[in-house]
There are 2 protein chains.
Amino acid sequence: MESRPVSQAVEDYVKAICLLEQQEGKATTKALAVALDVAAPSVTAMIKRLHAMRLVRHTRYRGVALTPSGRRMALEVIRHHRLLELYLVEALGLPWDQVHEEAERLEHVISEELEERIAERLGHPVADPHGDPIPTKGGEVDQSAYLPLSELNPGTAAVIKRVADQAPAKLRYLGDLGLFPEVRVTLLEKAPFGGPMSLEVGETRCTLGGDLARQIYVLPVESL
Amino acid sequence: MESRPVSQAVEDYVKAICLLEQQEGKATTKALAVALDVAAPSVTAMIKRLHAMRLVRHTRYRGVALTPSGRRMALEVIRHHRLLELYLVEALGLPWDQVHEEAERLEHVISEELEERIAERLGHPVADPHGDPIPTKGGEVDQSAYLPLSELNPGTAAVIKRVADQAPAKLRYLGDLGLFPEVRVTLLEKAPFGGPMSLEVGETRCTLGGDLARQIYVLPVESL
DNA sequence: GTTTATATTTAGATTAATCTAAAAAGAAAT
DNA sequence: ATTTCTTTTTAGATTAATCTAAATATAAAC
Ligand SMILES: [Mn+2]
Ligand SMILES: [Mn+2]
Ligand SMILES: [Mn+2]
Ligand SMILES: [Mn+2]
């Protein structure tokens, strides 16, 4: 019954499976290979190990699904990751485009004790700097669904709730424009067919491409 | 010429070698095996790898010595470790007996950027919570030598400068007595042959065994 | 419904890091 | 100077995690 500590690789796999299940509805070998930047046969090999550890169920050629204990592990890692991202921004002033990479490594090595201190210091926050929900210790995740900024009607005001793009360069760009979660914006004009839109952010205005706008999720102010 | 990131194991080995060179004057296979809690043949195998990486020089049956680049790497890891220990105590309130274990893992995963932010937040400190010197970015280490508390003359006052024992239980005990670095104590009485001693700490007094007293280093106040 | 493209798995190899058992070297004791 | 003890090294095996090349299964296109 000796269960030795789980490796970083295993944690990254269950985390990736969990995120894929949420975002795509299922986790395939290919999607995991892309997400983790490894070759497909490496994924197949790891899936066998994860199955032996009872962390996933696997149907050949059909992808994997987390077991309850796999999900518990994944949410624990995701909680670490998002708490760390927020801590690095709030307590140490790291820019929001650098914290993902840092948290990617730190998430595997902090103790439960340290996790708790960080959560306490932050006032038990519910979202990370990008607006992604922080799972509770009990494994609950806020499921609120928001509207892509690209779907907002011109003339409407809304509060940014989530920035789904991870790419540092894009985050830096959005940061320069002042587009963070909890910031209020007003959509002025929108070109058709997913074209660019012009926004009012505080005192200033800016133009945003359709691709970026599709990655920004908002809550229209009427809904408040 | 692609030099892939160094593993945690390699970092722990060069760190252990560096500390042994300082404390014992040399780093033998056996001493490393004990320090790292691995079997002796594992050390021999790793020494070969470290040699291939030009981090150590090795004379068969005689132990290893760090090369300049090995020492640079070791001091970098030690800097991380000690900065982290201090940060965990100062910024997050972890008890000083728990931070060693935590830093042992974190030291390998923080970026140079994060290291710098932490150092800045702490005001570029020169010692960790146990009084161990924090190497500078340039690789300089404070070499001050202090007096073991066990060698202090009765009736003399001194400031604690370093607590060399790592054992959490002992650190907790010393902490309860208020015996931390930078605390001023007065030696009242001392039993002969390394026996116990009685101390004045602030308003209170306490008795300390000879073994513990030998691990506490002080600076007598006359020297100030 | 075949053919073609894509995804998945198997086969086989590699590397880092560890282990135990046994041989060899060096140090200490007689 | 031998003998004995300790340390170090070799030999050989194991496990996790990865890779490339090739085989096989599924899905898409025609
Ligand atoms: Mn990770
Ligand atoms: Mn995030
Ligand atoms: Mn370590
Ligand atoms: Mn320390």
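Small disclaimer: the values here were computed from a predicted structure and weren't measured. The figures that follow rest on heavy atoms only: side chains count, while hydrogens, waters and symmetry mates do not.
- Both tests hold for B:Arg162 against B:Tyr217: distance to the six-membered ring centre under 6.0 Å, angle to the ring axis within 45°.
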- [ ] Output, in order, the C-alpha distance, side-chain angles, deciding distance and verdict of side chain to side chain contact (heavy atoms under 4.5 Å, CB included) for B:Leu147 and B:Leu219.
- [x] CA-CA 6 Å; B:Leu147 189 73; B:Leu219 181 66; over 6 Å; no

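- Whole-Å rounding puts the B:His108 NE2 to C:dA16 C1' distance at 16 Å.
- Between D:dT8 and B:His58, no contact under 4.0 Å exists linking OP1 or OP2 to a side-chain N or O.
- When each of A:His100, A:His130, A:His108 is checked for a ring pair (Phe, Tyr, Trp, His ring centres under 6.0 Å) with A:His81, only A:His100 meets the rule.
- Using a 4.0 Å heavy-atom criterion, one finds that B:Arg49 contacts the bases of the nucleic acid, with or without backbone contacts as well.
- With axes fitted over five pairs at each extremity, the angle between the ends of the helix from C:dG1-D:dC30 to C:dT30-D:dA1 is 0° (10° resolution).
- Residue A:Lys48 has a polar side-chain atom (N or O) positioned under 4.0 Å from OP1 or OP2 of C:dT10.
- For B:Ala40, the listed nucleotide lying nearest its side chain is D:dT9; candidates were C:dT18, D:dT18, D:dT9.
- Dashed line: the shortest gap from a side-chain N or O of B:Arg60 to OP1 or OP2 of D:dT10 is under 4.0 Å.
- Of all the heavy atoms in B:Thr67 and B:Arg54, the pair that sits closest is OG1-O, 2.8 Å.
- Within the 3.5 Å criterion, the main-chain N or O of B:Val89 finds no donor-acceptor partner in the side chain of B:Trp96.
- Closest to the B:Tyr61 side chain, of the nucleotides C:dG26, C:dT8, C:dT18, is C:dG26.
- Among B:Glu112, B:Lys15, B:Glu11, B:Glu85, the single residue meeting the side-chain hydrogen bond (donor to acceptor under 3.5 Å, both in side chains) criterion with B:His80 is B:Glu112.
- Residue B:Ala39 is in base contact, counting any heavy-atom pair closer than 4.0 Å across all strands shown.
- Note on B:Thr29: a side-chain N or O is less than 4.0 Å away from OP1 or OP2 of D:dT9.
- The side chain of B:Arg62 places no N or O atom within less than 4.0 Å of a non-bridging phosphate oxygen (OP1 or OP2) of D:dT9.
- Summarising the geometry, the separation between CD on B:Gln8 and P on C:dT18 is reported as 9 Å, rounded to the nearest angstrom.
- Here the shortest heavy-atom pairing between A:Pro181 and A:Gly131 reads CG-N, 3.8 Å.
- In this structure, B:Ser42 reaches the bases: a heavy-atom distance under 4.0 Å links it to at least one base atom across the strands shown.
- Between A:Pro41 and B:Lys30, the residue whose closest nucleotide on DNA chain D is further toward the 5' end is B:Lys30.
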